[in-house]
Amino acid sequence: MGIKRHTESAGIAVVTVDYPPVNAIPSDGWFALADEIRAAGRDPETRVVVLRAENRGFNAGVDIKEIQRKPGHQALIDANHGCFEAFGAVYDCPVPVITAVQGFCLGGGIGLVGNSDIIIASDDATFGLPEVDRGALGAATHLARLVPQHLMRALFFTASTATAQQLHHYGSVLKVVPRHELDAAALEVAKDIAAKDGRVIRAAKRALNGIDPQDVHRSYRFEQGFTFELNLSGASDEIRERFDADLAAQKDKN
């Protein structure tokens, strides 16, 4: 369990997220993820990184239970800093990052995927930000890199999800494949990149980031400020308590 990294073949580093059952990542996990991606990028032999996950879905965001368990606001601060580091590590990685997404990609998962260079998704993948239903904000910066502006707003305000097929239609997902073919499809693209000259690939990544119209670090940090404000006001605690009560009621019905 945790974050693992291995070399798949020449030039390809694979980073795997494994926090069963749903990959809700604790604070230290986000920092560990950032460390592994940075380490992969620092290796001069690496030409591409594949970010993948085990378990039911790619990512369920931060571990909300960790935030609720700990008194005060330190757990929230740690989660905010950890997400900022992980999202930034993906975006700033000196080589392209391919994300292989299965099942649900929620919350912090959108930050990882939105900051990646190439997305391969399984045909059961869905993408969304349930933040407003959890008393938080954030990662609209990254969702806006996946869908048009007005759809992003609709998804954010309603806490709805978009399918892999929809994102493929908009061009943000490169390929949609059956789940059992996901890893192979991501590695196929990775091998194509790894066959290029690493010096050119690294220069290309810097060039593309340099012409990006959005400063993802600044805009995400701006969003995080409102999350903290909602927590200080007590609104987030009230919403999370209602959410937990609703879950408990649903379990009792079943």
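All values below were derived from every heavy atom in this structure, side-chain atoms included, with hydrogens, water molecules and symmetry-related copies excluded. Throughout, numbering of the chain's residues begins at 1 and tracks the sequence.
- Ring pair His217/Phe84 is tilted by interplanar angle, where 30° to 60° counts as tilted.
- Side chain of Ser122 to main chain of Arg179: no donor-acceptor pair is present (N/O by atom type, distance under 3.5 Å, no hydrogens or angles).
- Using a 4.5 Å heavy-atom cutoff, the side chains of Met1 and Pro20 are in contact.
- Within the 4.5 Å cutoff, the side chain of Gln165 has heavy atoms near those of the Asp123 side chain.
- Of the possible donor and acceptor atoms, one in the side chain of Arg47 sits under 3.5 Å from a partner among the backbone N and O of Lys196.
- Remark: Leu174 CG to His168 NE2 distance equals 7.0 Å, nearest 0.5 Å.
- Residues Glu66 and Ser27 have side chains that bring a donor and an acceptor to within less than 3.5 angstrom of each other.
- Nearest heavy atoms, Leu182 versus Ile120: CD1-O, 3.6 Å.
- Closest approach of Arg145 to Gly114, counting heavy atoms only: NE-O, 2.9 Å.
- Among all heavy-atom pairs drawn from Leu129 and Gly138, the shortest one is CD1-O, 3.7 Å.
- Using a 4.5 Å heavy-atom threshold, the side chains of His142 and Val113 count as separate.
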Show, in sequence, the C-alpha distance, side-chain angles and deciding distance for Glu181 and Glu188, and conclude whether the side-chain contact (heavy atoms from CB on, under 4.5 Å) test is met. CA-CA 11 Å; Glu181 297 178 10; Glu188 180 182 6; over 6 Å; no

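- Shortest non-hydrogen contact noted between Gly111 and Ala139 is N-CB, 4.3 Å.
- In this structure, a donor-acceptor pair under 3.5 Å is absent between the side chains of Thr126 and Thr161.
- With Thr46 contributing its side chain and Gly41 its backbone, the two residues share no donor-acceptor pair below 3.5 Å.
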Trace of the side-chain contact (heavy atoms from CB on, under 4.5 Å) decision for Arg202 with Val95: CA-CA 5 Å; Arg202 287 171 180 263; Val95 299; 3.7 Å; yes

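- Looking at Ile118 and Ile193, their side chains come closer than 4.5 Å, going by heavy atoms from C-beta outward.
- Placement of Leu106 and Leu76 in two distinct hydrophobic clusters is found when ILVMFWY residues are connected by side-chain heavy-atom separations under 4.5 Å, directly or transitively.
- Taken from CD in Gln149 to CG in Leu143, the straight-line distance is 9.5 Å, to the nearest 0.5 Å.
- A heavy-atom distance below 4.5 Å is found between the side chains of His81 and Phe31.
- At a threshold of 4.5 Å between side-chain heavy atoms, the hydrophobic network of Ile, Leu, Val, Met, Phe, Trp and Tyr places Leu208 and Val216 in two separate groups.
- In this structure, the side chain of Thr227 engages the main chain of Leu137 through a donor-acceptor pair within 3.5 Å.
- Here the shortest heavy-atom pairing between Asn55 and Pro21 reads CB-O, 3.4 Å.
- Looking only at side-chain heavy atoms (C-beta outward), Arg5 and Asp43 stay at 4.5 Å or farther from each other.
- Of the inter-residue distances, the one linking Leu112 atom CG with Ile37 atom CD1 reads 6.5 Å to the nearest 0.5 angstrom.
- Counting heavy atoms from C-beta on, the side chains of Val62 and Ile67 come closer than 4.5 Å.
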Audit row: His73, Phe228, side-chain contact (heavy atoms from CB on, under 4.5 Å) steps and yes/no: CA-CA 9 Å; His73 297 291; Phe228 202 71; 4.0 Å; yes

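- Rounding to the nearest 0.5 Å places CZ of Phe87 at 9.5 Å from CG of Leu33.
- In this structure, CG on Asp28 lies 9.5 Å from CG on Asp63, to the nearest 0.5 angstrom.
- Between the side chains of Asp18 and Thr16, no donor N or O sits under 3.5 Å from an acceptor N or O.
- Around the CD atom of Glu45, the shell of radius 6.0 Å holds no more than 12 heavy atoms that belong to other residues, nucleotides or ligands.
- Both Leu146 and Val132 sit in one connected hydrophobic cluster of ILVMFWY residues. Membership requires side-chain heavy atoms under 4.5 Å apart, directly or through other members.
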Determine, stepwise, if the pair Gln74 / Ile77 fulfils side-chain contact (heavy atoms from CB on, under 4.5 Å). CA-CA 5 Å; Gln74 191 58 49; Ile77 293 171; 4.1 Å; yes

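- When the side chains of ILVMFWY residues are joined at heavy-atom separations under 4.5 Å, either directly or via intervening members, Val48 and Val173 end up in two distinct hydrophobic clusters.
- With hydrogens and angles left out, the side-chain atoms of Tyr220 and Gln224 include a donor and acceptor closer than 3.5 Å.
- In terms of heavy atoms, Phe58 sits closest to Gly109 at CE2-O, 4.1 Å.
- Environment of CZ in Arg153: sparse, with no more than 12 heavy atoms of neighbouring residues, nucleotides or ligands closer than 6.0 Å.
- Under a 3.5 Å cut-off, the side chain of Asn209 and the backbone N or O of Tyr91 do form a donor-acceptor pair.
- With Asn23 contributing its side chain and Glu54 its backbone, the two residues share a donor-acceptor pair below 3.5 Å.
- Cluster annotation: Ile3 is not connected to Val22 through the hydrophobic network of ILVMFWY side chains, with a link wherever side-chain heavy atoms come within less than 4.5 Å.
- Crowding of His6 atom NE2: a count of heavy atoms from other residues, nucleotides or ligands under 6.0 Å exceeding 12.
- Separation of atoms OG1 (Thr141) and CD (Glu223) is listed at 3.5 Å; rounding is to 0.5 Å.
- At least one donor-acceptor pair closer than 3.5 Å links the side chain of Trp30 to the backbone N or O of Ile25.
- No side-chain donor-acceptor contact under 3.5 Å links Glu8 to the backbone of Leu187.
- Between Ile110 and Cys105 the shortest side-chain heavy-atom distance falls below 4.5 Å.
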